[in-house]
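Just below is one structure, and these are the notes that go with it.
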Amino acid sequence: MQTPPASTAAPSSASATASATASASATASASPADSASPADSTAFRDLVPGIAGMTLVGSSVTVSRALVDAPLFATQAVRYAAAALLLFGLARAARVPVHRPRGREWLWLAGIAATGLVLFNVAVVRGVAHAEPAVIAVAVASVPVLLGVLGPLLEGRRPTRRVLLAAPVVVAGAVLVEGTGRTDAAGVAWAALALGCEAAFTLLAVPVLRRHGAWGVSVHAVWLGALMLAGLAVVFESPAGLSSLGRAQWAATGYLAVMVTAVAFLLWYRTVAAVGAGRAGLLTGIAPLAAAGAGVLTGSGVPGPAVWLGLLVVIVGLGAGLRPDRAPRSTPTLPA
């Protein structure tokens, strides 16, 4: 679950305290089998974790700008290693069981790490060399459509008409917020890869959420991603480059590790488990809005009319796709 930055900064593919994260675990992982079986819930309480998670992801756009000159793989490896240690510690403190993967589960979890944590970062960094950042952002903003179609199929259900109609509306709003840009053929290819990786972060979790819950999926995906990135750092970078990081860069890495990885991952998978990948996918439209809001708070200026229009369009799409289902009317039984 990442959002490409508005520059060539290392992207970020979840006030975090142990108590806040543990509260997410009460419904996310204490009973993985129950929480990971999507019941098409539209209760607002089940959407709140996903909304909060996507807000954190959106905030990472501004934070990641501090890492423009940092070694990509080494910095991300440190980020995910720190997040893995934090998740392990919090799971132990909250007495949440983290099951060891078995059989094909290793493939699903490794796939999450390889696509959502590693390849996504590569696609964004390589993509902005061929395309303006907005092109990559718009591609990733299209993920609700993929999740709306493929998510229910992986869960053994048919895509709902409501989500299929709302997803393009959310995407259109996100495009208005992000804007557009120029690109070449290579940039289009990298943007498509970024979109696929962003969707895979959620879709590949569907088969393992039932047994592992939000905690287990987050823990295993993060430590696997840390190992992969560490290997890439050894091969393609000099680990000594980390010694050149300043306080602001270490602070940004820490924020990404705690808030945008440990916390946001738990919150996001909690919502995916509760409402299904299709409906949860609509919430990804919140990330660009959060990014725009974070930009305002950090002095980037007030958004223009297109951004405000995009905000309204996203809200309309979310309202249409996530509104509660009407309870079926009961047919009164006439006396004999």
Side-chain angles (χ1 to χ4, degrees), residues 1-2 13-14 16-39 41 46 49-50 52-53 77 79-118 147 150-157 197 199-231 257-277 280:
M1 178 172 50
Q2 317 274 347
S13 27
T17 60
S19 60
T21 311
S23 67
S25 72
T27 53
S29 298
S31 180
D34 293 336
S35 65
S37 180
S41 170
D46 291 326
R79 165 193 171 181
Y80 288 117
L85 292 175
L86 177 61
L87 285 168
F88 273 122
L90 290 174
R92 190 181 185 94
R95 297 183 180 180
V96 176
V98 177
H99 304 292
R100 179 175 179 174
R102 59 192 182 193
R104 294 183 179 179
E105 291 176 347
W106 284 106
L107 297 178
W108 294 112
L109 293 167
I112 296 172
T115 57
L117 279 61
V118 178
L147 296 183
L150 299 179
L153 295 178
L154 283 174
E155 295 160 353
R157 300 176 293 108
C197 291
F201 179 82
T202 297
L203 296 175
L204 295 179
V206 171
V208 289
L209 271 172
R210 177 177 297 277
R211 178 168 179 262
H212 292 277
W215 278 91
V217 172
S218 299
V219 167
H220 293 305
V222 168
W223 74 257
L224 285 169
L227 285 181
M228 295 176 186
L229 287 161
V258 176
M259 301 299 292
V260 187
T261 304
V263 176
F265 281 25
L266 286 174
L267 294 173
W268 176 248
Y269 284 133
R270 162 68 180 90
T271 291
V272 173
V275 307

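Reckoned from all heavy atoms, side chains included, excluding hydrogens, waters and symmetry mates.
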Does any non-hydrogen side-chain atom of [Y] lie less than 4.5 Å from one of [X]?
X: Ile112; Y: Leu224; value: no
X: Trp106; Y: Arg100; value: yes
X: Arg211; Y: Arg102; value: yes
X: Asp46; Y: Arg270; value: yes
X: His220; Y: Val98; value: yes

Does [X] have any side-chain contact (heavy atoms from CB on, under 4.5 Å) partners at least two apart in sequence or in another chain, and if so, which?
X: Ala199; answer: Val143, Leu146, Leu147, Leu203
X: Ala84; answer: Val222, Trp223
X: Arg95; answer: none
X: Ala200; answer: Thr115, Leu204

[atom1]-[atom2] distance between [X] and [Y], expressed to the nearest 0.5 angstrom:
X: Tyr80; Y: Leu229; atom1: OH; atom2: CG; result: 7.0 Å
X: Thr202; Y: Leu154; atom1: OG1; atom2: CG; result: 11.0 Å
X: Leu209; Y: Glu155; atom1: CG; atom2: CD; result: 9.0 Å

Looking at every heavy atom in both [X] and [Y], which two are closest together, and how far apart are they?
X: Gly151; Y: Ala277; answer: CA-CB, 3.7 Å
X: Ala52; Y: Leu267; answer: CB-CD1, 3.9 Å
X: Tyr269; Y: Ala214; answer: CB-CB, 3.7 Å
X: Ala113; Y: Gly225; answer: CB-N, 3.5 Å
X: Phe201; Y: Leu117; answer: CE1-CD1, 3.8 Å
X: Ala226; Y: Ala81; answer: CB-N, 3.6 Å

**Asked** Under the side chain to side chain donor-acceptor pair (under 3.5 Å) test, which residues partner Thr271, sequence neighbours left out?
**Response**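 Once residues adjacent in sequence are excluded, Thr271 has no partner under the side chain to side chain donor-acceptor pair (under 3.5 Å) criterion.
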
**Partners passing side chain to side chain donor-acceptor pair (under 3.5 Å) against Trp108 (at least two apart in sequence or in another chain)** =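 For Trp108 there are no side chain to side chain donor-acceptor pair (under 3.5 Å) partners, ignoring immediate neighbours.
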
